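Keep in mind it's a predicted model, so treat the numbers as computed, not measured.
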Amino acid sequence: MFPATAQPAPDLFSRKPFWARRFGPAPVLPMTRAEMDRLGWDSCDIIIVTGDAYIDHPSFGMAVIGRVLEAQGFRVGIIAQPDWQSAADFTALGKPNLFFGVTAGNMDSMINRYTADRKLRSDDAYSPDGEGGRRPDRSTLVYSQRCREAYPDANLVIGGIEASLRRLAHFDYWSEKVRRSILLDSKADMLIYGNAERQVVELAHRLAAGEKMRDIRDIRGTAFITKTLLDGFREVDATEPEAAEAVRLVHLAEAHANVAPVTEVVRLPSFEAVRDDTTLYAHASRAFHKETNPGNARAIVQQHGDRLVWMNPPPLPLTTKEMDAVFGLPYSRQPHPSYGRAKFPAYEMIRFSVNIMRGCFGGCTFCSITEHEGRIIQSRSEESILKEIEEIRDKVPGFTGVISDLGGPTANMWRLNCKDEKTEQNCRRLSCVHPTICSNLNTDQMPLVKLYRKARALPGIKKILIASGLRYDLAVETPEYVKELVTHHVGGYLKIAPEHTEEGPLSKMMKPGIGSYDRFKAMFEKYSRAAGKEQYLIPYFVAAHPGTRDEDMMNLALWLKKNNFQADQVQTFIPSPMAMASAMYHTGKNPLKRIRRNSETVVVPKGINQRKLHKAFLRYHDPDNWPLLRAALHKMGRADLIGNGIHHLIPKTQPVKIDPRIKNADAIYRRRANKLLTQHTGLPPQPVAGDKRPARDSAGKPTARGKLVPGRKPRRR
């Protein structure tokens with residue numbers, strides 16, 4: 001079914017279009033029967049059900065997949081944020097001729113709906129006017145059940161990031177347990193993971209040609225349920241750490257003997273095994289992440305009871321030509337007209353931005369980009385990017401001449417790939433930049449410098465800002481890039497994410513040491529001064545990541561105070577399904593290294609109180625956090641950090657909160673401060689100017705009567 005090494009895929013747009021192409025592209029994909037009637041459609045070939053509002057923009061998954069399928073000649077309808085209490089909304093467009101495509105939206109529904117403390121969010125950036133509550137928990141499951149209820153015999157395909165990250169047995173932070181593959185709970189016929197263009201196009205054409213869903217088993221980037229192993233595969237037993245090591249040695253022997261590679265499927269520990277054994281869960285996580293390179297990844301199978309979840313190798317990355325074609329489709333770049341004047345926070349953020357690439361080879365263990373988009377960078381051409389900027393200038397209402405971002409998952413990985421294609425296909429590294437930058441990686445960012453220069457030279461373009469996450473350890477490899485960025489593309493502040501200062505948590509994140517940040521900061525300040533600009537770096541940090549001790553957070557807080565940073569918004573680690581950091585959180589093991597029963601134990605800040613403490617260290621300047629921090633510092637034996645000196649982290653006493661509407665509020669504040677001073681020092685109370693009440697001693701007895709004035713004795717009647 002799959003060759004041992006990846007072969008080039010046919011061009012995404014090379015297939016003969018389906019007959020319905022005669023209808024031409026729709027101004028926007030229809031959401032109602034009335035819109036279908038205006039387009040002359042009697043039915044939809046594919047219906048996409050999504051947890052997001054429908055915005056016809058290439059930054060929104062349902063729009064990209066819908067427009068790609070439309071370009072193949074299929075009629076595509078959208079059911080956006082349906083009422084999930086019944087199946088009524090799921091029948092709005094009728095039964096699809098080929099399949100329902102169900103997605104939770106651009107975000108995992110649980111991360112979208114809940115905070116790191118598992119508290120329900122009141123808003124939703126992907127809903128009209130940011131209104132919360134318009135999607136259910138575990139949206140993919142709920143929508144799938146309603147589709148089945150509406151049309152039991154319709155083909156059902158699930159995709160998007162929620163399904164992608166739950167394609168195998170996974171730890172679920174919100175229920176604190178290991179859940180089985182979403183394929184079984186959704187009762188879907190197929191799961192599409194990762195960027196879905198290749199998979200969904202091939203599936204649609206094969207179904208349209210008369211193939212049955214149950215017979216389609218060889219599409220990369222898909223997963224499905226089967227009873228037995230498929231024919232033509234040699235099974236690789238990775239159900240135990242020792243078995244995996246034996247397989248590795250066999251492969252080394254075969255390579256030295258020049259034995260021809262065969263098509264293999266890797267058997268992971270079963271759902272029941274990883275549910276009950278944290279060591280096996282960590283081992284399965286490591287084995288899974290070793291099979292993510294499309295060039296050499298093998299199929300994976302995992303037993304769930306009497307059934308097997310079969311996952312084919314990842315899809316092959318899109319070529320630059322294909323990327324250009326996808327982003328060049330006729331998007332309206334606006335919300336569906338049915339929303340009227342409603343505002344969408346997620347859309348407002350990217351309304352005037354341009355996505356220039358996909359993927360990330362950083363491999364940060366807490367991030368889902370690698371699991372979803374892959375490590376190989378897929379870049380658009382310079383011509384395609386500049387054309388989109390001109391379209392924004394000419395077509396998008398409200399454009400003022402400022403492009404808010406020119407980036408993607410990262411700001412500066414455009415066109416950065418392995419220097420040798422064969423080396424790239426055979427690589428199994430989890431990161432190209434950790435622990436050090438790979439010598440085979442091309443780090444030249446001068447092509448990006450040239451793109452920036454051409455973009456800001458376009459007529460009508462006043463400013464090009466860079467707001468995507470910047471990989472600063474890469475940026476410093478091309479000083480000219482840093483100079484260009486700082487001189488022309490920073491709007492006063494540049495956000496970057498060191499995530500931490502201490503080696504313990506950084507090593508578990510696969511992030512560079514703080515020395516890389518210091519090096520970038522020096523260059524940033526140097527080029528800002530040279531440009532005559534007052535600009536600032538805004539570093540982001542994460543609390544409670546696996547591998548973080550209380551002392552690590554204390555040291556980070558001291559670093560923040562030393563550098564005069566006061567973070568208003570801080571991030572607490574959320575274990576997303578399938579991420580390696582989530583495996584650390586759940587198991588206390590480190591899947592970055594080979595797993596053994598007695599292998600390295602990872603410190604995990606897990607309890608709600610410890611997670612709150614770590615977050616409080618990031619906001620050491622907030623008086624509300626001082627009582628918690630004082631107690632923690634005393635317990636840690638670091639009471640020396642409590643005081644009012646510049647070398648202290650937090651003060652000894654709390655500020656007294658006084659309602660400014662109260663008469664004589666200032667005097668009342670000072671009197672209470674006076675009382676605290678007396679309690680802590682034993683000094684006699686001091687006179688308070690403006691206080692009409694008599695001062696009292698430490699026992700609470702009045703020391704005199706009448707009004708007190710500094711420097712004068714109280715009057716006697």
**Q** Answer whether the closest heavy-atom distance between the side chains of E291 and R428 falls below 4.5 Å.
**A** yes
**Q** So, S127 and Q81: side-chain donor and acceptor under 3.5 Å apart, yes or no?
**A** yes
**Q** Tell me whether S285 contacts the main-chain N or O of M580 through its side chain, where contact means a donor paired with an acceptor under 3.5 Å.
**A**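 Not confirmed, S285 side chain does not pair with M580 backbone.
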**Q** Measure the shortest side-chain to side-chain distance between D624 and R619 over non-hydrogen atoms and say whether it is less than 4.5 angstrom.
**A** no
**Q** Does the R148 side chain pair with the main chain of A154, one donor and one acceptor, at a distance under 3.5 Å?
**A**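 Present.
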**Q** Where is the tightest heavy-atom contact between P591 and A282, given as atom of each residue plus distance?
**A** CB-O, 3.7 Å
**Q** To the nearest 0.5 Å, what is the distance between CD1 on I78 and CD1 on I46?
**A**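 Answer for the CD1-CD1 pair, I78 versus I46, is 10.5 Å.
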**Q** Before giving the answer on side chain to side chain contact (heavy atoms under 4.5 Å, CB included), spell out for L207 and F99 the whole-Å C-alpha distance, their side-chain angles and the decisive distance to 0.1 Å.
**A** CA-CA 9 Å; L207 289 174; F99 61 87; 3.6 Å; yes
**Q** Below 4.5 Å, heavy atoms only, C-beta onward: do L556 and L560 meet side chain to side chain?
**A** yes
**Q** I'd like to know if the side chain of Q378 reaches the main chain of R358, judged simply by a donor and an acceptor atom lying under 3.5 Å from each other, with no hydrogens or angles considered.
**A** no
**Q** Quick check: closest heavy atoms across S164 and Y193, and the distance to 0.1 Å?
**A** OG-CB, 3.5 Å
**Q** Nearest 0.5 Å please: distance from the CG atom of D552 over to the CD atom of E502.
**A** 5.5 Å
**Q** I'd like to know if the side chain of D405 and the backbone of S468 have a donor-acceptor N/O pair within less than 3.5 Å.
**A** yes
**Q** Could you walk me through whether S59 and M349 satisfy the side chain to side chain contact (heavy atoms under 4.5 Å, CB included) test, starting with their C-alpha distance in whole Å, then the side-chain angles of each, then the deciding distance to 0.1 Å, before giving a yes or no?
**A** CA-CA 11 Å; S59 290; M349 184 174 67; over 6 Å; no
**Q** Check the pair K508, E499 against salt bridge (charged side-chain N to carboxylate O under 4.0 Å, His left out), reporting the backbone distance first and the verdict last.
**A** CA-CA 11 Å; K508 304 305 182 292; E499 308 296 359; over 6 Å; no
**Q** Could you tell me the separation between the OH atom of Y114 and the CD1 atom of I574, rounded to the nearest 0.5 Å?
**A**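 Output value for this atom pair is 12.5 Å.
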**Q** The test is side chain to side chain contact (heavy atoms under 4.5 Å, CB included); show your working for R179 and H170 and say whether it passes.
**A** CA-CA 6 Å; R179 293 176 65 99; H170 57 278; 3.7 Å; yes
**Q** Does D123 use its side chain to pair, donor to acceptor, with the backbone of E131 at less than 3.5 Å?
**A**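 Here the side-chain-to-backbone pair does not exist.
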**Q** Do you know the tightest heavy-atom contact between L156 and S144?
**A**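 Heavy atoms of L156 and S144 come nearest at CD2-CB, 3.8 Å.
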**Q** What's the shortest heavy-atom distance between R135 and R113, and which atoms?
**A** O-NE, 3.3 Å
**Q** Do T222 and Q199 pass the side-chain hydrogen bond (donor to acceptor under 3.5 Å, both in side chains) test, and can you show the C-alpha distance, the side-chain angles, and the key distance before you say yes or no?
**A** CA-CA 7 Å; T222 64; Q199 306 94 297; over 6 Å; no
**Q** Can you tell me if K606 has over 12 outside heavy atoms packed within less than 6.0 Å of its NZ?
**A**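 Yes, NZ of K606 has more than 12 neighbouring heavy atoms, counting only those of other groups under 6.0 Å.
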**Q** Which heavy-atom pair separates P30 from V76 by the least distance, and what is that distance?
**A** CD-O, 3.3 Å
**Q** Once you round to the nearest 0.5 Å, how far does CG of L29 lie from CE of M31?
**A**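 The distance works out to 10.0 Å.
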**Q** Could you check whether any side-chain heavy atom of V266 comes within less than 4.5 Å of a side-chain heavy atom of F288, counting everything from C-beta outward?
**A**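 They are not in contact (no side-chain heavy atoms under 4.5 Å apart), so the answer is no.
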**Q** Tell me, with the steps shown, if E176 and H586 meet side-chain hydrogen bond (donor to acceptor under 3.5 Å, both in side chains).
**A** CA-CA 8 Å; E176 278 286 341; H586 172 57; 5.7 Å; no
**Q** Rounded to the nearest 0.5 Å, what separates atom CZ in F271 from atom CG in D276?
**A** 8.0 Å
**Q** Is the shortest heavy-atom distance from the side chain of F344 to the side chain of Y339 under 4.5 Å?
**A**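 The answer is yes; the side chains approach within 4.5 Å.
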**Q** Would you name the heavy atoms of L618 and A543 that are closest together and state the gap between them?
**A**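 Looking at all heavy atoms of both residues, the closest pair is CD1-CB, 3.7 Å.
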**Q** Of the options D108, D172, D185, which is the one that meets R138 in a salt bridge (Lys or Arg N to Asp or Glu O under 4.0 Å)?
**A** D172
**Q** Decide yes or no on side chain to side chain contact (heavy atoms under 4.5 Å, CB included) for H289 and E371, but give the supporting numbers first.
**A** CA-CA 8 Å; H289 282 87; E371 285 88 0; 2.7 Å; yes
**Q** Let's go through R275 and E272 carefully: what are the C-alpha distance in whole Å and the side-chain angles of both, what is the deciding distance for salt bridge (charged side-chain N to carboxylate O under 4.0 Å, His left out) to 0.1 Å, and is it a yes or a no?
**A** CA-CA 5 Å; R275 178 193 62 194; E272 291 78 11; 5.4 Å; no
**Q** Would you mind reporting whether S338 and Y54 have side-chain heavy atoms less than 4.5 Å apart?
**A** no
**Q** Without swapping roles, check the side chain of R198 against the backbone of P317 for a donor-acceptor pair under 3.5 Å.
**A**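 Yes; at least one donor-acceptor contact below 3.5 Å.
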**Q** Are the side chain of D89 and the backbone N or O of D83 linked by a donor-acceptor pair below 3.5 Å?
**A** yes
**Q** Heavy-atom count around K290 NZ within 6.0 Å, excluding the residue itself: above 12?
**A**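 Yes, NZ of K290 has more than 12 neighbouring heavy atoms, counting only those of other groups under 6.0 Å.
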**Q** Taking C-beta and beyond as the side chain, do S599 and K593 meet within less than 4.5 Å on heavy atoms?
**A** no
**Q** Hey, could you give me the CG/CZ distance between L184 and R307, rounded to the nearest 0.5 Å?
**A** 4.5 Å
**Q** Indicate yes or no: at least one non-hydrogen side-chain atom of Y143 is less than 4.5 angstrom from one of I79.
**A**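 Of all side-chain heavy-atom pairs linking I79 with Y143, none is under 4.5 Å.
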**Q** Check for a donor-acceptor pair, side chain of N155 on one end and backbone N or O of L98 on the other, with a separation under 3.5 Å.
**A** yes
**Q** Under 3.5 Å, is there a donor-acceptor pair between the side chain of N312 and the main chain of R217?
**A** yes
**Q** My understanding is that only one of I48, T103, V326 makes a side chain to side chain contact (heavy atoms under 4.5 Å, CB included) with I65; could you say which?
**A**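 The passing option is I48.
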**Q** Give a yes or no on whether R214 atom CZ has more than 12 heavy-atom contacts from other residues, nucleotides or ligands under 6.0 Å away.
**A**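 12 or below, so no.
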**Q** Side chain of E162, backbone of T140: donor and acceptor closer than 3.5 Å?
**A**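 Side chain of E162 to backbone of T140: a pair is present.
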**Q** Using the six-membered ring wherever Trp is involved, compare the ring planes of Y173 and Y585 and label them parallel, tilted or perpendicular (cut-offs 30° and 60°).
**A** perpendicular
**Q** With F573, which of H614, H500, H545 fulfils ring pair (Phe, Tyr, Trp, His ring centres under 6.0 Å)?
**A** H545
**Q** Would you confirm whether the ring centroid of F100 sits within less than 6.0 angstrom of the ring centroid of F90?
**A**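 When the ring centroids of F90 and F100 are compared, they turn out to be at least 6.0 Å apart.
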